Protein chains: 2
Amino acid sequence: MRPTVHDIAAAAGVSLATVDRVLNQRPGVRHVTREKVEAAIREIGYVRDVAAANLAKGRTYSFVFIVPASDNSFMHGLNAEVMAAVARSPVERTDIRTVEVPAFDPAALAAALDTLRAERPAGVALVATDAPEVRDAVDRMVQDGIPVVTVVSDLTGSLRHHYAGVDNIAAGRTAARLLGRFLGGAKGDVAVLAGSMLVRDHRERLEGFSAVMADEFPDLSILPVIEGRDDPDMAHMLVSDALSKRDGIIGVYSLGAGNRGLIRALKETSVARVLTVVAHELTDHTRAALLDGTIDAILNQDAGHEVRSAIRVLKAKADGLSVIDAQERIRLDIFLKDNLP
Amino acid sequence: MRPTVHDIAAAAGVSLATVDRVLNQRPGVRHVTREKVEAAIREIGYVRDVAAANLAKGRTYSFVFIVPASDNSFMHGLNAEVMAAVARSPVERTDIRTVEVPAFDPAALAAALDTLRAERPAGVALVATDAPEVRDAVDRMVQDGIPVVTVVSDLTGSLRHHYAGVDNIAAGRTAARLLGRFLGGAKGDVAVLAGSMLVRDHRERLEGFSAVMADEFPDLSILPVIEGRDDPDMAHMLVSDALSKRDGIIGVYSLGAGNRGLIRALKETSVARVLTVVAHELTDHTRAALLDGTIDAILNQDAGHEVRSAIRVLKAKADGLSVIDAQERIRLDIFLKDNLP
DNA sequence: TCATTTCTGATGTACGTAAATCAAATTTTT
DNA sequence: AAAAATTTGATTTACGTACATCAGAAATGA
């Protein structure tokens, strides 16, 4: 049988009340007594029954998700996953709320964080915009004892407890190798379509991509990055333009979220022209394009996993428990037309 | 606030005891009364507080993992993950036990299942050997009301509640496309190394692989399957032999678990000979081979995820709860040297 | 109608922890 | 040594559910 508080009390030769004071770091325990109790806890290997504790506390974790108000498919998907978690939340004794902030607006995000901090939620998850003021706001939150995790996009140098997202440098490197290998030693140009170089994850993907391209596929040269602002029409125009101007293009890497325009542009090129294309984020559009051969591979991060992982981590931090690292690693999914879910 | 049993009682105009009888399907409730209570439950949207219920029951789920006693890296890894789950089990109110059975021995597996059934565990997970007697034993278990999930290898046609493993046909197809694309239109032979064609997952992988090869890469021809019984020495001998005899071999697909021998054989071939290799299962050996370029891609199923997923599903079934399908889908991991964990 | 069976209500205890109260013991200060 | 402050013990209630018991009500059979 699992040891209980009563067993600690007996083992330490103190009363239940004292054990409770030690366990919940309440005042009124002498140092020596506290140590005695802690020794007993270690010795008999007591672990608090979180379910019973939460029942007694009548606790509901109130978590907040701060999501950017941008309207690309990926963010919509992320939102849907958060909503699904909200729907499940009563069963899991959580009360999840979302707060929308303007996309790519560090000041607004920092302000939202500071407002939230006053409400002292049990945990906060945010899609970080990589800026000093955001980092400082996050650090203030952490120093106030509120667990914070970043989702999708990280905030290096901050005190956030966890990042639930993929390694974007590795993603870029992987894209480069796939594209390079698929092109099988051919010589030519590679076009890169990004959303914006102001976003950290896009920058990192490009960084990884460029590194591997330079090191291992010297016959392929990367053209200046096309910034499509994740807008379908803009991406369509820019890509069409590039394809018509440069007939040396044999490969395309789309590292952003605006794939609808890219796909349209690709479908308009002459059938004789064979392009190898690697894109990010699995959506209805990219899925269809993968199946019909317009796209050759899709790299993806599973928004559902990211959301659920963020919640698990927040809960564990709130309970002072440890997390299973391997379980919380967000993997980079590689989809070919054969292994689509 | 979440509705409780008291709320149901009030809403249905009956006593707490009656609500309890309905909820736990105890006898002694008239049909009309039962319906009245069930209507109230639906109406106010009551969901049982599983944590409180388990606390009251003093319940610990006793689950059993039946694993084959084979000693390849993958099964060792699987065992380690089960042990890790056992270590966590007291915290999660589970009592997990493992039972070893001889590998590829349907009779032994079926016998083990029937023995276990008498003990009425709260759930059973097994690495299935695909045979009618195993299927029947599993069906008996399910009909006795014991949740059953298959792990790694499935048992089609059975009543098992869930399969925690990858789609092996899709895995084979993916391997074919990777190999085909990496070979970039070259003409030649492809060698396939399997453990044994008696194992269902290996058969399925080969099936998927062959299908895509035939359809989309007609310039590549598959040589007769080499069965290495997942034994390093045997695999080494057979692969070396094949490579020396057939100099048309330009690609290798290793769909089994005996990669140590394969890697040794590959390293012994002349440096001038460039082979493209796709293998299954990420182990220390395959990881090293991927990094040094001996292997080009590794397909993997995460044993840890499979074990944790199996436990989650068993728990949910035991509690009569639903599972999040997307969360329980075991994904096929594709590793290139850039996205290793 | 009465006896019998079946159904329902009322009530209490338990699970493991949290949190509060008040009394008693111990230590520290004066 | 007395007074004050601090530490500790004993005890109770609560969380939401499970489960058992017993009494009383309603339905059924004769």
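This is a predicted model, so every value here is computed, not measured. Every chain is numbered from 1, with letters handed out A, B, ... down the list of sequences.
- Mapping B:V47 and B:R30 onto DNA chain D by nearest heavy atom places B:V47 at the nucleotide closer to the 5' end.
- For C:dG9, the base has a donor-acceptor partner in the side chain of B:R21 [N/O atoms by modelled type, under 3.5 angstrom].
- Between the C1' atom of C:dC7 and the CG atom of B:L16 lies a distance of 17 Å, rounded to the nearest Å.
- The nearest whole Å value for the distance from the CD1 atom in A:I41 to the P atom in C:dT17 is 11 Å.
- Using a 4.0 Å cut-off between a side-chain N of Lys or Arg and a carboxylate O of Asp or Glu, A:D154 and A:R160 qualify as a salt bridge.
- Judged purely by distance below 3.5 Å, without hydrogens or angles, the side chains of B:R331 and B:N300 never pair a donor atom with an acceptor atom.
- The CZ atom of B:R34 sits 13 Å away from the C1' atom of C:dT6 (whole-angstrom rounding).
- Here the C1' atom of nucleotide D:dT17 and the CG atom of A:L55 are 8 Å apart, to the nearest Å.
- The distance between atom CG of A:N54 and atom C1' of C:dT17, rounded to the nearest whole Å, is 10 Å.
- At a threshold of 4.0 angstrom between heavy atoms, the contacts of A:A53 are confined to the sugar-phosphate backbone, with no base atom among them.
- Among the atoms of the strands shown, none is found under 4.0 Å from any heavy atom of A:V50.
- When heavy atoms are screened at a 4.0 angstrom cut-off, A:G58 is found touching no nucleic acid atom at all.
- Between B:D20 atom CG and C:dT13 atom C1' there is a gap of 14 Å when expressed in whole angstrom units.
- Residue contacts shown for B:N24 are limited to sugar-phosphate atoms, with no base heavy atom under 4.0 Å away.
- Comparing atom distances between the A:S15 side chain and each of C:dA19, D:dT17, D:dA10 picks out D:dA10 as nearest.
- If you check every strand for non-hydrogen atoms under 4.0 Å, A:D49 touches sugar and phosphate atoms only.
- In this structure, the side chain of A:Y163 does not engage the main chain of A:T156 through any donor-acceptor pair within 3.5 Å.
- Among the atoms of the strands shown, only primed sugar atoms or phosphate atoms (P, OP1, OP2) are found under 4.0 Å from some heavy atom of B:R48.
- Distances shown here put a side-chain N or O of B:T18 below 4.0 Å from the OP1 or OP2 atom of C:dG9.
- Regarding B:H31, its NE2 atom lies at a distance of 16 Å from the C1' atom of D:dA27, rounded to whole Å.
- Judged purely by distance below 3.5 Å, without hydrogens or angles, the side chains of A:R312 and A:H162 never pair a donor atom with an acceptor atom.
- At whole-Å resolution of the value, CZ in A:R26 and C1' in D:dT6 are 18 Å apart.
- Comparing A:A52 and B:G28, the nucleotide of DNA chain C nearest to each residue sits closer to the 5' end for B:G28.
- Salt bridge status for A:D49 with B:R93: present, with a side-chain N to carboxylate O gap under 4.0 Å.
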